[in-house]
Amino acid sequence: MQNKLRVGILGATGMVGQRFISLLENHPWFEVVTVAASERSAGKTYEEAVGGRWKMTTPMPEAVKKLVVLNVNEVEKVAATVDFVFSAVDMTKDEIRAIEEAYAKTETPVVSNNSAHRWTPDVPMVVPEINADHFEVIKYQKERLGTKRGFIAVKPNCSIQSYAPVLTAWKEFEPYEVVATTYQAISGAGKTFKDWPEMVENIIPYIGGEEEKSEQEPLRIWGHIENGVIVKAEEPKITCQCIRVPVLNGHTAAVFVKFRKQPTKEQLIEKLESFKGFPQEHNLPSAPKQFIQYLTEDNRPQVKLDVDYENGMGVSVGRLREDSIYDWKFVGLSHNTVRGAAGGAVLCAESLVEMGYIQAK
């Protein structure tokens, strides 16, 4: 790509906004030219607005430090400066739905990390390796919005990344019943241990809204387009418990699966290791070369050893073994703020560029 696309980040000062900033440093296709946040940050430089709240382990990129933060609610003003935006705004769901549609109606594509539009029938919710074909619903969304190039696309919840790709890789064996327990990092709540000292040496067995998302969102990803909307799949039935654990980054899932067709362990592992999709086939900049790795050691995957696999964009699987009640069980691990949040959205944007949905204005 000769000229980089101009990118804006809505909600740039929060944790996911910061992750977007760090991931997009030196991106071959995208350049962050605009940062937008709440009215209280507007008018300050990005460095001033974030202050001591920079939560990434890498330093704040020099290129964004002096960018003046715009008011995210001044939609026309922000949209005029960019080719498309990433959305990580912290508002109520109704406010997010409204502001993302307002940006789309300025003919600015919105690639969102937020959950507000995940169940809007004509908004694609995509893990690019699994269901990049769902982007085709955008043409129907544009008809509804009355736009030529503006639309909204979203990525799913971070909690499903450690098991939904695995079940997709095993689709031909027809998984029909799944029990999953996710052990979720505190950065999923936008926090560090400094912000949330009560999480040190603690487990909280409740994350609001997370269990329903973990059970239902995979079904929408595995669904199909019918009459201009996405219809979710009926199976596999998933039941889930979501637990907050004292880990900074990395969501782990312990999963039990029943299959209609009986695969061997070797077949299951081979399907994981060979699984690829649109990002790998098109060699997209953020695509992991191997999306899923299988680890043979009994004590893997581990957050400390494996969370950054493929720069945080890959999924690690281990402990695959037969079960006495279900057919098979395994443990999966994914990076919740990279693959599960900002990185997943960047990969969606790269896919949308490759498909021609996002272009320079």
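Numbers here simply count residues along the sequence, with the first being 1.
Shown here for G312 and H335, the closest heavy-atom pair between the two residues is O-CB, 3.4 Å. The shortest non-hydrogen separation linking E281 to K276 is CG-CE, 4.4 Å. Closest approach of V178 to P236, counting heavy atoms only: CG2-CB, 4.0 Å. The minimum heavy-atom distance linking M60 with Y46 is given by the pair SD-CD2, 3.7 Å. For the pair N249 and V307, the tightest heavy-atom approach, listed with the atom from each and the gap, is O-CG2, 3.7 Å. I292 approaches A169 most closely through the heavy-atom pair CD1-CB, 4.5 Å.
Not a single donor-acceptor pair under 3.5 Å links the side chain of K258 to the backbone N or O of Y326. A donor-acceptor contact shorter than 3.5 Å links the side chain of W54 to the backbone of T58. Judged purely by atom type and a 3.5 angstrom limit, E101 has no side-chain atom pairing as donor or acceptor with the backbone of A98. Of the possible donor and acceptor atoms, one in the side chain of H251 sits under 3.5 Å from a partner among the backbone N and O of A185. A distance-only check finds no donor-acceptor pair linking the side chain of R53 to the backbone of G51 [under 3.5 Å]. A donor-acceptor contact shorter than 3.5 Å is absent between the side chain of Q241 and the backbone of T181. Within the 3.5 Å criterion, the main-chain N or O of K155 finds a donor-acceptor partner in the side chain of R118. Proximity of a side-chain donor or acceptor of E215 to a complementary backbone N or O of C240 within less than 3.5 Å is detected. In this structure, K265 contributes its side chain and L320 its backbone to a donor-acceptor pair below 3.5 Å. The closest donor-acceptor contact from the side chain of H117 to the backbone of R97 lies under 3.5 Å.
Taking a 6.0 Å sphere around CD of Q262, one finds it holds more than 12 heavy atoms contributed by other residues, nucleotides or ligands. Heavy atoms of other residues, nucleotides or ligands lying less than 6.0 angstrom from CG of N299 number more than 12. Shown here is K65, whose NZ atom has more than 12 heavy atoms of other residues, nucleotides or ligands within 6.0 Å.
The aromatic rings of F86 and F84 sit perpendicular, their planes meeting at an angle over 60°, well past the 30° parallel limit.
Using a cut-off of 4.0 Å between Lys/Arg side-chain N and Asp/Glu carboxylate O, E217 and R220 are scored as not salt-bridged. Of the charged side-chain nitrogens involved, at least one lies within less than 4.0 Å of a carboxylate oxygen, so that D83 and R6 count as a salt-bridged pair. Looking at K261 and E174, a side-chain N of the basic residue comes within less than 4.0 Å of a carboxylate O on the acidic one, giving a salt bridge.
Side-chain contact annotation: N157 with S159, donor-acceptor N/O pair under 3.5 Å present. Side chains of S334 and R339: no donor on one and acceptor on the other come within 3.5 Å. Defined by atom type and a distance below 3.5 Å, a donor-acceptor pair is missing between the side-chain atoms of Q290 and E310. No side-chain donor-acceptor contact under 3.5 Å links S214 and E210. A donor-acceptor pair shorter than 3.5 Å can be found between the side chains of Q184 and T182.
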Side chain to side chain contact (heavy atoms under 4.5 Å, CB included) assessment of M91 paired with N73:
CA-CA 11 Å; M91 300 174 173; N73 293 302; 3.9 Å; yes
The test is side chain to side chain contact (heavy atoms under 4.5 Å, CB included); show your working for I99 and V75 and say whether it passes.
CA-CA 8 Å; I99 200 165; V75 175; 4.2 Å; yes
Candidate pair E129 and L347, rule side chain to side chain contact (heavy atoms under 4.5 Å, CB included), full reasoning:
CA-CA 10 Å; E129 284 88 351; L347 193 59; 3.7 Å; yes
Verdict with reasoning, L5 to I358, per side chain to side chain contact (heavy atoms under 4.5 Å, CB included)
CA-CA 9 Å; L5 292 169; I358 294 177; 4.0 Å; yes
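L10 and F20 sit in two unconnected hydrophobic clusters of ILVMFWY residues. Membership requires side-chain heavy atoms under 4.5 Å apart, directly or through other members. When hydrophobic clusters are built by joining Ile, Leu, Val, Met, Phe, Trp and Tyr residues whose side-chain heavy atoms come closer than 4.5 Å, directly or via intermediates, W119 is not grouped with V110. No continuous path of hydrophobic side-chain contacts links M125 to I230 [ILVMFWY only; heavy atoms under 4.5 Å]. Linking Ile, Leu, Val, Met, Phe, Trp and Tyr residues whenever their side-chain heavy atoms come within less than 4.5 Å places V32 and V50 in a single cluster.
Listed by chain and residue number, nothing satisfies the ring-ring contact (aromatic ring centres under 6.0 Å, His included) test with Y103 (two or more places apart in sequence, or in another chain). Remark: F151 pairs with no residue by the ring-ring contact (aromatic ring centres under 6.0 Å, His included) rule, at least two apart or across chains.
Contact annotation: the side chain of L167 approaches that of W222 to within less than 4.5 Å [non-hydrogen atoms, C-beta and beyond].
The ring of W170 has its center closer than 6.0 angstrom to the ring center of F330.
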